[in-house]
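First comes the structure, then the notes that go with it.
Numbering of ligands and ligand atoms starts at 1, following listing order. It should be emphasised that the depicted structure is a prediction, and the values quoted were computed from it without experimental measurement.
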Amino acid sequence: MTTTFFSEAYRETPIHLRHIIPLDFHSVPTVPDSHVWPKSDAFSSDDDRFSIPIVDLNDPDAVKLIGHACETWGAFQVINHGIPLNLLDDMESETRRLFSLPAQQKMKALREPAGIAGYGIARISPFFPKYMWHEGFTMSGSPVDHARALWPNDNARFCDVMESYQKKMKVLAEQLTHMILKSLDISEQDLNSDILGLPYTVLQLNSYPSCPDPNRAMGLAPHTDTSLLTIVHQSAITGLQLFKEGLGWVSVQPITGALVVNVGDLLHIFSNARFPSVLHRAVVNRDRFHRFSMAYFYGISTDCNVSPLPKLLNISGQTPRYRSVTVKEYVVIKSKSFDEALSLIRI
Ligand SMILES: O=C(O)CCC(=O)C(=O)O
Ligand SMILES: [Fe+2]
């Protein structure tokens, strides 16, 4: 259902094969020109004083802390989230197993040009002149068809781990969404319809192979997510950075067992821009530091309308900053105009 919906939206913006097939990273001793990025002179802060808040979900003040983090950073790390540590470990080892397959094997699960699920490079790739040091595998629901192509006789464990992770993530994403709305004084009854009952969810596995010249390569170029919120599990290797006005690029330090939560475009619109849809990117490392991340995108489905929440406008006396769009319309605008998408629906 979700796949169909996205294919519908993506049919208008199919991607050329050269923007789907990843480089066979292990076959190149140096960074090819196609993957060389101008050295970023943006200030990158590894200073511990500048890091996103860590919120303990058992903290009695968690709602307030989450609201504050969404407002000031558009992101936070969450601990005591209820996702078992061994499931996070299993996710990481299955992800590693997938990306360690030979290139020609991974090609058997290649994403369709107008599709969302399968193996390939980042969907944002056509918006940049150079390729990223990255390969991905995307799922919406069961990955069984692609998993069968990857491992004809040995795919049950991969599918079990991916499915149970998606189930657990959905529960956590719902809980976080309710807490975020509560921080705005919004209850479910205040929403126009049962929009939260119609989630769309996508799980994206990311692989950033170690790079011979990390300063000239880009893992995942700066972007915002087209979700309500995104929950990221990153392996113990740094790479994720968020852009904060006045500070520049700030690294999100991996903390064992913690998950990173990002505000996405849809929540930004709902909040009438009170919560920034956080600009983020992934940088790469050298030597043996092959990094993985697993991003769970939680959004709302199909024909739902997204607009600044009326109750929020009433409470704050603000005028709406965005016009109402359906999720489908927004996905099409974003896949054509990328970082201009929000400004194209601004009032
Ligand atoms: O690798 C990461 O930490 C970030 C992944 C990400 O931003 C994405 O998949 O949209
Ligand atoms: Fe992202």
Side-chain angles (χ1 to χ4, degrees), residues 6 22 25 44 46 51-52 70 73-78 88 91-92 95-96 98-99 111 116-128 132-140 162 165-166 169 173 200-211 214 217-244 249-268 275-285 289-299 330-331 334-335 338-339 341-342:
F6 264 101
F25 292 97
S44 168
D46 279 322
S51 54
I52 56 171
C70 287
W73 287 87
F76 55 95
Q77 300 218 53
V78 65
L88 297 179
M91 276 298 287
E92 215 174 302
T95 298
R96 186 183 296 275
L98 188 161
F99 290 113
R111 207 170 68 220
I116 180 160
Y119 173 68
I121 59 183
R123 222 182 178 278
I124 59 174
S125 165
F127 296 102
F128 297 91
M132 298 165 214
W133 206 258
H134 165 270
E135 53 186 333
F137 182 82
T138 313
M139 284 155 272
S140 185
M162 295 299 143
Y165 189 72
Q166 290 184 75
M169 279 288 129
Y200 81 69
T201 66
V202 170
L203 175 59
Q204 162 85 20
L205 311 180
N206 295 305
S207 156
Y208 307 93
S210 55
C211 178
M218 176 61 75
L220 199 54
H223 66 282
T224 62
D225 293 340
T226 315
S227 56
L228 212 48
L229 54 87
T230 307
I231 305 175
V232 180
H233 167 46
Q234 54 173 341
S235 58
I237 294 161
T238 51
L240 176 60
Q241 298 183 332
L242 311 180
F243 190 80
K244 175 113 167 90
W249 290 104
V250 177
S251 293
V252 179
Q253 293 308 326
I255 301 172
T256 308
L259 295 164
V260 183
V261 182
N262 288 343
V263 170
D265 294 352
L266 304 183
L267 185 54
H268 171 78
F275 298 155
S277 180
V278 65
L279 188 67
H280 54 286
R281 69 180 185 184
V283 296
V284 291
N285 302 283
F289 297 114
H290 189 154
R291 176 173 181 268
F292 300 98
S293 72
M294 295 115 239
Y296 180 81
F297 301 94
Y298 181 74
Y330 187 72
V331 171
K334 181 103 180 231
S335 48
F338 188 52
D339 56 354
L342 283 171

Distance under 4.0 Å to a non-hydrogen atom of [X]: what atoms of ligand 1 satisfy this?
X: H280; value: 7 (O)
X: L240; value: 3 (O), 4 (C)
X: D225; value: 10 (O)
X: Y208; value: 1 (O), 2 (C), 4 (C), 5 (C)
X: A295; value: 9 (O)
X: F297; value: 8 (C), 9 (O), 10 (O)

Return the residue, atom name and 0.1 Å-rounded distance of the protein heavy atom closest to [atom].
atom: atom 2 (C) of ligand 1; result: S293 OG, 3.3 Å
atom: atom 10 (O) of ligand 1; result: H223 NE2, 3.1 Å
atom: atom 9 (O) of ligand 1; result: N206 ND2, 3.0 Å
atom: atom 3 (O) of ligand 1; result: R291 NH2, 2.8 Å

Do [X] and [Y] have side-chain heavy atoms sitting under 4.5 Å apart?
X: Y208; Y: L220; value: yes
X: R291; Y: F289; value: no
X: D339; Y: L279; value: no
X: M162; Y: M91; value: yes

Contacts of E135 meeting side-chain hydrogen bond (donor to acceptor under 3.5 Å, both in side chains) (sequence neighbours excluded), chain-then-number -> K106, Y119, S207

**Request:** Given side chain to side chain contact (heavy atoms under 4.5 Å, CB included), test L205 with M139 step by step and report yes or no.
**Result:** CA-CA 8 Å; L205 311 180; M139 284 155 272; 3.7 Å; yes

Discussion item. Please evaluate residues M132 and I121 with respect to the criterion side chain to side chain contact (heavy atoms under 4.5 Å, CB included), reporting the C-alpha separation (whole Å), side-chain torsions for both, the decisive distance (0.1 Å), and the verdict.
Written reply: CA-CA 8 Å; M132 298 165 214; I121 59 183; over 6 Å; no

Exercise. Please assess F25 against F99 for the test ring-ring contact (aromatic ring centres under 6.0 Å, His included), listing each intermediate value before the final yes or no.
Key: CA-CA 11 Å; F25 292 97; F99 290 113; 10.0 Å; no

Item to complete: Give me the ring orientation class for F338 and F128: parallel if the planes are under 30° apart, tilted from 30 to 60°, perpendicular past 60°.
Response: perpendicular

Side chain to side chain contact (heavy atoms under 4.5 Å, CB included) with I52: of L242, V250, N262, only one passes, and it is L242

So for L220 against ligand 1, with non-hydrogen atoms under 4.0 Å, the contacting part is side chain

Quick look: V252 vs ligand 1, heavy-atom contacts under 4.0 Å, and the answer is neither

Within a strict 2.8 Å cut-off of the Fe ion (ligand 2), protein N/O/S atoms tallied 3

For the pair F243 and T224, evaluate side chain to side chain contact (heavy atoms under 4.5 Å, CB included) and give the outcome as yes or no after the intermediate values. CA-CA 10 Å; F243 190 80; T224 62; over 6 Å; no

In this structure, OG1 of T238 is separated from CD of Q253 (nearest 0.5 Å) by 6.0 Å

